[in-house]
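First the proteins, then the strands, lettered A, B, ... as listed; each starts at 1. Here the structure is a predicted model, which means the values were calculated and not measured. The figures that follow rest on heavy atoms only: side chains count, while hydrogens, waters and symmetry mates do not.
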There are 2 protein chains.
Amino acid sequence: MGKYVTITEIARQLGVSHSTVSRALSDNPRISKKTRELVKNLAEKLGYHTNSMALRLSKGKSQLIGVIVPDLSISFFSKIVEGILETVQKEDYSILLLNTQESFEKEKEAVETCLKHRVDGVLAAITMQTKNFDHYERLIKYEVPLVFFDRVANFLPVPKVVANDHQSAFNATKHLIDSKCKCIAHITGSINLNNSNNRLYGYMDALAEHGLDVNESLIHYYEFEPSSIDKFLKKTIKKYPNLDGLFVFNDYVANYSINVLTKMGKKIPEDISVFGFSDEPVATYMTPQLSSVKQVASKMGRLAGQKMISILNYDEAVVNEKVVINPELILRETTKVIG
Amino acid sequence: MGKYVTITEIARQLGVSHSTVSRALSDNPRISKKTRELVKNLAEKLGYHTNSMALRLSKGKSQLIGVIVPDLSISFFSKIVEGILETVQKEDYSILLLNTQESFEKEKEAVETCLKHRVDGVLAAITMQTKNFDHYERLIKYEVPLVFFDRVANFLPVPKVVANDHQSAFNATKHLIDSKCKCIAHITGSINLNNSNNRLYGYMDALAEHGLDVNESLIHYYEFEPSSIDKFLKKTIKKYPNLDGLFVFNDYVANYSINVLTKMGKKIPEDISVFGFSDEPVATYMTPQLSSVKQVASKMGRLAGQKMISILNYDEAVVNEKVVINPELILRETTKVIG
DNA sequence: AGCTATTAAAATAACGTTTGCATAAACTTG
DNA sequence: CAAGTTTATGCAAACGTTATTTTAATAGCT
């Protein structure tokens, strides 16, 4: 009990050579039907599992894909991982998961770990600190296919899968404008993160393109301090009593903002329309339910996974390309119906 | 360019045998200091990485730990995975991540995948559907160490790491009682999930132990239908105008419930105190901020990971034991201050 | 009958390590 | 200085596969 059955054991019991067993199991036509069935039956009976370590050593392929994420506790990233898993598992690949916790050092280590494990490819999102890309170049040098998702190194000549944050924010803001909002504030996230910045620019461009002023004092940079939102909203409503729209970079913060506004006696969406971002679970648990931009995490994961599979299984070339996932607005109760 | 450096290549360049190189790299005292340094320098220079496929085949150890989770998009589970990763990475193990999506079939497949990859051990949380455990017995038969976390198969003689949901719910309810609540309702989750049930019993036991009636009509079984909560709360407040406490199995639903109560004109916590569960991010984004039971996900992950490491690296026996993580209440603004 | 094709299966090498055993050279030691 | 011991290294087997080459057995043909 306890020991794994090998091809050699099957061969011994059947009185044939192990190479015959190997071929029989992989349906090689050079083995007679009779022997093949004999082999397969015994393999089944003994509960034979091919030893993937041996298989991999022999084939020189690990069937392993390295996945490097900056922070697995962010639901966006864990959903991406879920999407990747779903896609690559079907093709018999497994995932070597590395969590860098936003540390550049850990990211370098993660790449080394990938190399050590001889992964067949790497899917990565860079940390907020990553400015040097030598470690990724190393992968390229070793001809390990690399695909970036979400947080990408723009100038490396590899495929990238990203969400169109700019367009999403643009469309959300445009929706507020279309529903007759004239004075729209924005709460944005960390200035270090590309994604927040793209959303900010999407907001500004939408305003500009529709003839509304872009007003610095209507923009709040949020950095983990909820009470700053109370202050911002109070100040803003005092200065701009006609405030009738709010676009927030994240659903949690949108939820918080709505609570603050409600306490100040504002009606949502009659007085002020609010648009969130990411369509987190909280969006449907709120009252009123939050209009938001659809979460593209699992789609992003699936697309990144598929790209890798195409490269690995169908010899697609690794080229400098960008797959952009387009936005989809989810309209709920915090925005007015148009028209 | 592109090919990995092997031990044999180093040996060739240095004019020694590959076994000498192998020993030199692993600091075997049988190799002279001079040779050892020669080897190490060249290895460094050539960017040598031990080929883990070969290493594993040779050693008969995969350095891989299978992690089976029911739903990675639930932040509780992704945080557990993060905790596991953090712990096992330090000991040079990698994770083979399997997501069962609450499907029993996928869970069986996941175990097979673990076997196929010759994982050194398996960490698992079962699906809501799992009633048969033959696949896990298979692991035990193959002497693959198994450790359960959170959702466990109670009667299998292996280590388990769980949160004390009963005690947590008991303490949360007791806190409501201590703050002078006399009529406390409870919203519970799926009747199929152990965790919800344990919380339900914790609530009931706390009431009973403090001389309060356990009243079936104060308990609502929530199944993914927010509007059922509106109905429940309205009905309950009509029937029990003295309702002054609410304990909810999950922070999202607590958030929703508070919104409903607020709209009905109830003041939180002056009229009704509310206690949530899990301390999700939303708890701090609410107004008032939600009192909740601390999230134990990453601690659970670390404990489960450590247990596995102890078994694998320090030959700890696989025994039928239960590690219980004790509750910690986070008191915020939805409950009254005691005394 | 004698030769060639064809078919089926066995043998062997290879993948890159670790490891037990062997060996040669250089030291001890009485 | 011969015998034994230590030191430093090499050799070869083993891990479980796949893949290439060889051999053996059978069948088909003139």
Side-chain angles (χ1 to χ4, degrees), chain A residues 2-40 42-43 46-64 92 94 115-120 142-143, chain B residues 2-40 42-43 46-64 92 94 115-120 142-143:
Chain A
K3 257 350 283 140
Y4 291 99
V5 180
T6 71
I7 221 175
T8 320
E9 173 61 19
I10 295 178
R12 198 188 58 73
Q13 291 197 25
L14 247 39
V16 298
S17 87
H18 70 280
S19 48
T20 301
V21 174
S22 169
R23 277 201 262 266
L25 289 172
S26 59
D27 285 316
N28 187 311
R30 311 187 42 153
I31 299 298
S32 69
K33 201 174 160 201
K34 204 184 93 199
T35 313
R36 197 183 324 163
E37 288 185 347
L38 232 50
V39 169
K40 285 195 169 182
L42 185 58
L46 298 178
Y48 169 80
H49 271 128
T50 197
N51 179 327
S52 59
M53 295 184 278
L55 175 64
R56 289 160 172 190
L57 178 58
S58 178
K59 288 237 175 148
K61 268 199 76 177
S62 64
Q63 291 294 123
L64 216 52
D92 202 32
S94 303
L115 245 21
K116 198 172 85 187
H117 287 260
R118 300 291 194 273
V119 298
D120 294 338
Y142 274 98
E143 292 170 8
Chain B
K3 261 340 301 135
Y4 291 99
V5 180
T6 72
I7 221 175
T8 320
E9 174 60 19
I10 295 178
R12 199 189 56 73
Q13 291 197 26
L14 248 38
V16 299
S17 85
H18 68 279
S19 46
T20 301
V21 174
S22 167
R23 281 197 258 261
L25 288 172
S26 58
D27 285 318
N28 186 313
R30 309 185 44 155
I31 300 299
S32 70
K33 201 175 162 200
K34 204 184 92 199
T35 313
R36 199 185 320 167
E37 288 186 348
L38 233 47
V39 169
K40 286 194 167 182
L42 185 59
L46 298 179
Y48 169 80
H49 271 127
T50 197
N51 180 326
S52 59
M53 296 184 276
L55 174 64
R56 290 159 173 191
L57 178 59
S58 178
K59 287 236 176 149
K61 269 199 76 177
S62 64
Q63 292 294 124
L64 216 51
D92 202 33
S94 303
L115 246 20
K116 198 171 87 188
H117 286 260
R118 301 291 195 272
V119 298
D120 294 338
Y142 275 97
E143 292 170 9

Identify which nucleotide among dT17(D), dG10(D), dT17(C) has an atom closest to any side-chain atom of Thr20(B), counting heavy atoms from C-beta outward.
dG10(D)
For dG16(C), does either OP1 or OP2 sit under 4.0 Å from a side-chain N or O belonging to Thr6(B)?
no
Looking at Ser22(B), does any N or O in its side chain come under 4.0 Å of the phosphate oxygens OP1/OP2 on dT18(C)?
yes
Under 3.5 Å, is there an N or O donor on one side and an acceptor on the other linking the side chain of His18(B) and the base of dT18(C)?
yes
Quick check for you: to the nearest 0.5 Å, what is the distance between Lys61(A) atom NZ and Ser52(A) atom OG?
13.5 Å
The side chain of Leu55(A) is closest to which nucleotide in this list: dT9(D), dT18(C), dT18(D)?
dT18(D)
Would His117(B) and Ser62(B) count as a side chain to side chain contact (heavy atoms under 4.5 Å, CB included) if you check the C-alpha gap in whole Å, the side-chain angles of each, and the deciding distance to 0.1 Å?
CA-CA 8 Å; His117(B) 286 260; Ser62(B) 64; over 6 Å; no
Length of the line joining Met53(B):CE and dT18(D):C1', which is rounded to integer Å
14 Å
Would you say the side chains of Ser22(A) and Ser19(A) form a donor-acceptor pair under 3.5 Å?
no
Of the listed dT17(C), dG10(D), dG16(D), the closest approach to the Ser17(B) side chain comes from dG10(D)
Angle between the two end axes of the helix from dA1(C)-dT30(D) to dG30(C)-dC1(D), five base pairs per end, rounded to 10 degrees?
60°
Is Asp92(B) salt-bridged to Lys116(A), cutoff N-O under 4.0 Å?
yes
Could you tell me whether the phosphate oxygens of dT17(C), OP1 or OP2, come under 4.0 Å of any side-chain nitrogen or oxygen in Tyr4(B)?
no
Measure from the side-chain heavy atoms of Ser19(A) and tell me the nearest of dG16(C), dT17(C), dA10(C).
dA10(C)
dist Leu42(B):CG -> Glu9(B):CD (nearest 0.5 Å) comes out at 8.5 Å
Please determine whether any donor N or O and acceptor N or O are separated by less than 3.5 Å between the side chain of Arg30(B) and the base of dT9(D).
yes
If you only use heavy atoms from C-beta on, which nucleotide in dA8(C), dG16(C), dT17(D) is closest to the side chain of Ser32(A)?
dA8(C)
Polar side-chain contact Arg23(A)-dT20(D) base: donor and acceptor under 3.5 Å:
yes
dT9(D) OP1/OP2 closer than 4.0 Å to side-chain N/O of Thr35(B):
yes
Is there a side chain to side chain contact (heavy atoms under 4.5 Å, CB included) between Gln63(B) and Ser94(B)? Walk through the geometry before answering.
CA-CA 6 Å; Gln63(B) 292 294 124; Ser94(B) 303; over 6 Å; no
